[in-house]
Amino acid sequence: MQQQQRNDFPDPYAELRQMLVEHLRRRGIRDERVLAAMARLPRERFVHPSFVHRAYEDVALPLGFNQTISQPYTVAFMTSLLELEPGEKVLEIGTGSGYQAALLALMGAKVYTVERHWELYQRARRIFAELGLSIQTRFGDGSIGWAEHAPYDAIIVTAGAPQIPKPLLEQLAIGGRLVIPVGDLQSQVLVRVRRQSEQEYQYEEFGEFRFVPLVGKEGWQDVHSKPNPS
Ligand code: SAH
């Protein structure tokens with residue numbers, strides 16, 4: 001009987017979702033946990049309603065308010081760089097649509113996410129509730145991290161920063177990984193920082209990307225201006 005009901009309501013996006021996963025695999029994404037979670041996550045719920053028909057294209061899409069939901073390849077690549085184990089504690093800066101945070105939650109992480117834009121913050125919270133995802137959300141400036149819940153096994157920043165914010169380095173657990181785009185407003189290099197001990201950090205670079213700006217105390221003052229003096 002249950003089987004019958006499932007057949008009555010097929011998921012119209014299941015095939016597109018699987019095609020996107022195969023595309024990401026061909027583009028070099030190897031982390032099977034990332035791919036398995038992407039195969040389950042309904043991206044059509046996170047994009048702006050007027051872009052639902054393009055939800056499974058491998059492109060960034062506008063969310064409104066000058067913000068974007070990142071390209072699936074970028075989400076998959078950054079998530080792979082985090083080298084997550086189930087049960088690890090992850091901080092995301094820049095909730096945006098909520099898609100990245102939801103992916104981390106589906107992978108079994110304990111997720112904390114910060115967003116500075118009120119409408120996007122509220123919208124993401126509503127989607128998490130609708131999908132039954134347990135994700136801790138905060139409204140505010142994430143460029144200073146979220147000290148109350150530190151240390152984090154992984155931190156992912158999904159907005160471009162002029163430099164690596166010191167508070168994020170401090171809130172990383174020993175053995176923890178921080179993935180952050182760093183550069184100017186036009187393009188950024190993806191940097192992974194691994195905290196090796198209290199004082200030692202290892203830095204690696206992974207090519208150029210383009211993100212919307214990280215705006216805040218440890219980020220940009222606003223889109224048209226200079227980094228905040230730190
Ligand atoms: N991870 C998102 C992509 C977000 S786009 C997703 O999966 O859809 C970047 C987001 O970072 C935007 O929503 C922007 O408002 C937010 N942002 C920019 N600066 C921020 C800051 N200092 N603290 C928190 N959020 C910030």
Side-chain angles (χ1 to χ4, degrees), residues 20 34 37-38 41-49 51-52 54-79 81-82 90-107 109 111-128 131 133 135-147 154-168 171 178-183 185 188 190 209-225 227-228 230:
L20 175 63
V34 173
M38 280 186 113
L41 189 57
R43 191 164 186 258
E44 75 277 6
R45 299 288 291 270
F46 295 89
V47 301
H48 189 276
F51 287 98
V52 166
R54 299 187 60 189
Y56 289 96
E57 290 179 27
D58 190 16
V59 293
L61 293 169
L63 283 175
F65 315 106
N66 278 330
Q67 305 302 327
T68 54
I69 176 171
S70 302
Q71 180 179 351
Y73 174 77
T74 306
V75 174
F77 185 67
M78 290 179 86
T79 309
L81 290 182
L82 293 177
V90 184
L91 173 65
E92 179 198 28
I93 309 305
T95 314
S97 68
Y99 181 80
Q100 171 75 70
L103 184 72
L104 295 166
L106 274 191
M107 290 173 67
V111 184
Y112 297 82
T113 184
V114 185
E115 173 56 54
R116 69 180 287 275
H117 197 292
W118 177 251
E119 279 81 3
L120 292 175
Y121 165 78
Q122 291 286 10
R123 178 179 182 272
R125 279 174 61 93
R126 197 188 66 233
I127 299 171
F128 297 152
L131 295 179
L133 293 168
I135 292 173
Q136 308 305 311
T137 56
R138 177 185 172 119
F139 171 65
D141 176 10
S143 73
I144 57 167
W146 190 348
I155 301 178
I156 178 169
V157 182
T158 62
Q163 70 271 312
I164 300 178
K166 277 210 186 63
L168 298 185
Q171 291 171 28
L178 161 66
V179 172
I180 179 169
V182 183
L185 292 169
Q188 303 89 33
L190 208 49
F209 288 80
R210 191 188 170 120
F211 287 82
V212 299
L214 180 75
V215 178
K217 184 166 179 287
E218 301 288 331
W220 298 93
Q221 278 169 15
D222 65 53
V223 188
H224 306 292
S225 71
N228 281 316
S230 52

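The first residue in the sequence is number 1, and the count goes up from there. Order of appearance sets the numbers: ligands from 1, and atoms from 1 within every ligand.
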[X] N/O to ligand 1 N/O under 3.5 Å:
X      : result
Thr158 : yes
His117 : no
Gly216 : no
Gly142 : yes

Check for a donor-acceptor pair, side chain of [X] on one end and backbone N or O of [Y] on the other, with a separation under 3.5 Å.
X      : Y      : result
Gln171 : Ile144 : yes
Asp141 : Gly216 : no
Gln188 : Ala161 : no
Thr158 : Gly94  : yes
Arg138 : Val114 : no

Quick one: nearest non-hydrogen protein atom to [atom], plus distance?
atom                    : value
atom 8 (O) of ligand 1  : Ser97 OG, 2.6 Å
atom 7 (O) of ligand 1  : Gln100 N, 3.1 Å
atom 5 (S) of ligand 1  : Thr68 O, 3.2 Å
atom 26 (C) of ligand 1 : Arg116 CG, 3.6 Å
atom 11 (O) of ligand 1 : Gly94 CA, 3.2 Å
atom 18 (C) of ligand 1 : Pro213 O, 3.5 Å
atom 12 (C) of ligand 1 : Gln67 OE1, 3.2 Å
atom 15 (O) of ligand 1 : Glu115 OE2, 2.6 Å

If the cut-off is 4.0 Å to any non-hydrogen atom of [X], which atoms of ligand 1 fall inside it?
X      : result
Thr95  : 1 (N), 2 (C), 6 (C), 8 (O)
Ser70  : 3 (C)
Leu120 : 13 (O)
Val114 : 24 (C), 25 (N)
Val212 : 5 (S), 9 (C)
Leu214 : 19 (N), 20 (C), 21 (C), 22 (N)
Gly140 : 23 (N), 24 (C)

Can you find a non-hydrogen atom of [X] under 4.0 Å from ligand 1?
X      : answer
Val75  : no
Ser143 : yes
Ala101 : no
Lys217 : no

Can you confirm whether [X] sits close enough to [Y] that some side-chain heavy atom of one is under 4.5 Å from a side-chain heavy atom of the other?
X      : Y      : answer
Ile180 : Pro165 : yes
Val157 : Leu178 : yes
Tyr56  : Pro72  : no

Legend entry - Side-chain donor-acceptor pair present, Glu218, Ser143, cut-off under 3.5 Å: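 No.
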Distance, nearest 0.5 Å, that separates [atom1] of [X] from [atom2] of [Y]:
X      : Y      : atom1 : atom2 : value
Glu92  : Thr79  : CD    : OG1   : 9.0 Å
Thr95  : Tyr112 : OG1   : OH    : 14.0 Å
Tyr99  : Met38  : OH    : CE    : 3.5 Å
Ile156 : Leu103 : CD1   : CG    : 9.0 Å

Legend entry - Non-hydrogen atoms of Phe46 and Leu63 that approach each other most closely: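 Heavy atoms only, the tightest pair is O-CD2, 3.8 Å.
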